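First the structure, in the form of structure tokens, and then the observations on it.
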Amino acid sequence: MERGEAKYPENPHRKTNNLTFCAQIGLRIMAMSTAFAATWTIVTAKQTLVVFGMQFDARYTYSSAFKFFAFANAFACCFTFLSLMFVFSSLRRGLTPSSFFLLFLHDLFMMSLMLSGVAAGTAIGYVGRYGNSHAGWMEICDRLKKYCDRVTASVLLSYLSVVCLLVLTVISAGKSRQI
């Protein structure tokens, strides 16, 4: 029995390919779910404040940076789902270096989109939390704590999605170079 096992060792390339498929699927699901959660969190972040009998609303639609942040997350979620379907459809025939190159371009574009969206959300969120004394903008998070906490959670989820897409970009770039 030992002679038969030594005679037919496991193919290391097949083990690496299985690991790559698992990483591709797991990271794409993670990136998609965190982008969806970030989108849902920012879209549902609303708070009303009454000051001297006047009502003030805080919503993501009042800021163009938060709108861009929400749409970037939504697009990344949808297109990451499509790339996940591409990976699933490629399981039978295997991913070739040209397929990995297409995934690399997709992941690079999605990561760039998400990074620009999260940068915009972080910038306006920072101004909302700490204000800008030079421009005369006061912080609002001391009065709208619930809204600011939800926006912060959304931005953190989006950063996690960016990290997943970065790792996917590196994996796809490395696999596209293999012959």
Side-chain angles (χ1 to χ4, degrees), residues 1-45 60-61 63-126 151-179:
M1 183 96 177
E2 291 177 5
R3 293 172 76 189
E5 290 175 358
K7 194 174 188 180
Y8 301 109
E10 186 175 338
N11 187 353
H13 294 295
R14 184 174 183 172
K15 190 173 185 179
T16 304
N17 286 340
N18 289 340
L19 183 64
T20 301
F21 280 127
C22 290
Q24 288 276 334
I25 291 168
L27 286 169
R28 288 185 194 287
I29 290 172
M30 182 77 156
M32 182 181 60
S33 60
T34 53
F36 179 76
T39 304
W40 186 263
T41 306
I42 192 73
V43 167
T44 59
Y60 85 100
T61 55
S63 168
S64 59
F66 283 151
K67 279 190 220 178
F68 176 67
F69 172 73
F71 286 120
N73 277 297
F75 282 129
C77 178
C78 292
F79 280 101
T80 303
F81 176 75
L82 291 176
S83 70
L84 182 64
M85 294 298 106
F86 177 75
V87 169
F88 277 137
S89 70
S90 299
L91 280 175
R92 291 187 186 134
R93 64 182 183 278
L95 286 170
T96 63
S98 61
S99 298
F100 275 110
F101 183 70
L102 290 175
L103 285 173
F104 164 72
L105 290 177
H106 171 271
D107 297 336
L108 184 65
F109 180 72
M110 287 301 111
M111 185 194 65
S112 301
L113 177 67
M114 288 288 292
L115 191 58
S116 62
V118 79
T122 301
I124 199 66
Y126 182 85
V151 168
T152 301
S154 180
V155 168
L156 290 175
L157 285 167
S158 191
Y159 271 115
L160 184 58
S161 185
V162 168
V163 169
C164 291
L165 288 168
L166 174 65
V167 173
L168 279 168
T169 303
V170 171
I171 290 171
S172 298
K175 292 300 252 179
S176 70
R177 303 273 306 171
Q178 291 180 353
I179 297 174

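On a predicted model such as this, the values are computed, not experimentally measured, just so you know.
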OG1-CG distance between Thr34 and Leu165, expressed to the nearest 0.5 angstrom: 7.5 Å
Pairs involving residues 71-89, ordered by first then second residue, that meet salt bridge (Lys or Arg N to Asp or Glu O under 4.0 Å) (sequence neighbours left out): none
Pairs flagged by salt bridge (Lys or Arg N to Asp or Glu O under 4.0 Å) wherever residues 105-124 is involved - sequence neighbours left out: Arg28-Asp107
Distance-minimising heavy-atom pair for Val151 and Phe66: CG1-CZ, 3.5 Å
By ring-ring contact (aromatic ring centres under 6.0 Å, His included) - contacts of Phe109 (at least two apart): none
Full working for side-chain contact (heavy atoms from CB on, under 4.5 Å) between Leu166 and Leu115: CA-CA 10 Å; Leu166 174 65; Leu115 191 58; over 6 Å; no
Considering all heavy atoms, the nearest Val118-Val155 contact: CG2-O, 3.8 Å
Leu103 side chain reached by Gln24 side chain, heavy atoms, under 4.5 Å: yes
Backbone N/O of Phe86 and side chain of Ser89: donor-acceptor pair under 3.5 Å: yes
Euclidean distance, Leu168 CG relative to Leu108 CG, rounded to 0.5 Å: 12.0 Å
Atom pair CZ/OH of Phe68 and Tyr60 - distance to nearest 0.5 Å: 14.0 Å
Which atom of Ser83 lies closest to which atom of Thr80, heavy atoms considered: OG-O, 2.8 Å
Heavy-atom check, side chain of Met30 versus side chain of Leu160, under 4.5 Å: yes
Pairs where residues 158-169 contributes a residue and the test salt bridge (Lys or Arg N to Asp or Glu O under 4.0 Å) is met, not counting sequence neighbours: none
Test item: Ser172 side-chain N/O and Thr169 main-chain N/O as donor-acceptor pair under 3.5 Å: no
Quiz: residues 71-79 side-chain donor-acceptor pairs under 3.5 angstrom, not counting sequence neighbours:
{"from": "Asn73", "atom 1": "OD1", "to": "Ser158", "atom 2": "OG", "distance (Å)": "3.1"}
{"from": "Asn73", "atom 1": "ND2", "to": "Phe69", "atom 2": "O", "distance (Å)": "2.9"}

Partners meeting side-chain hydrogen bond (donor to acceptor under 3.5 Å, both in side chains) with Thr122 (sequence neighbours left out): Tyr159
Value rounded to 0.5 Å, distance of CE in Met110 from SG in Cys164: 15.0 Å
Exercise: identify the closest heavy-atom pair between Ala120 and Ala65: O-CB, 3.8 Å
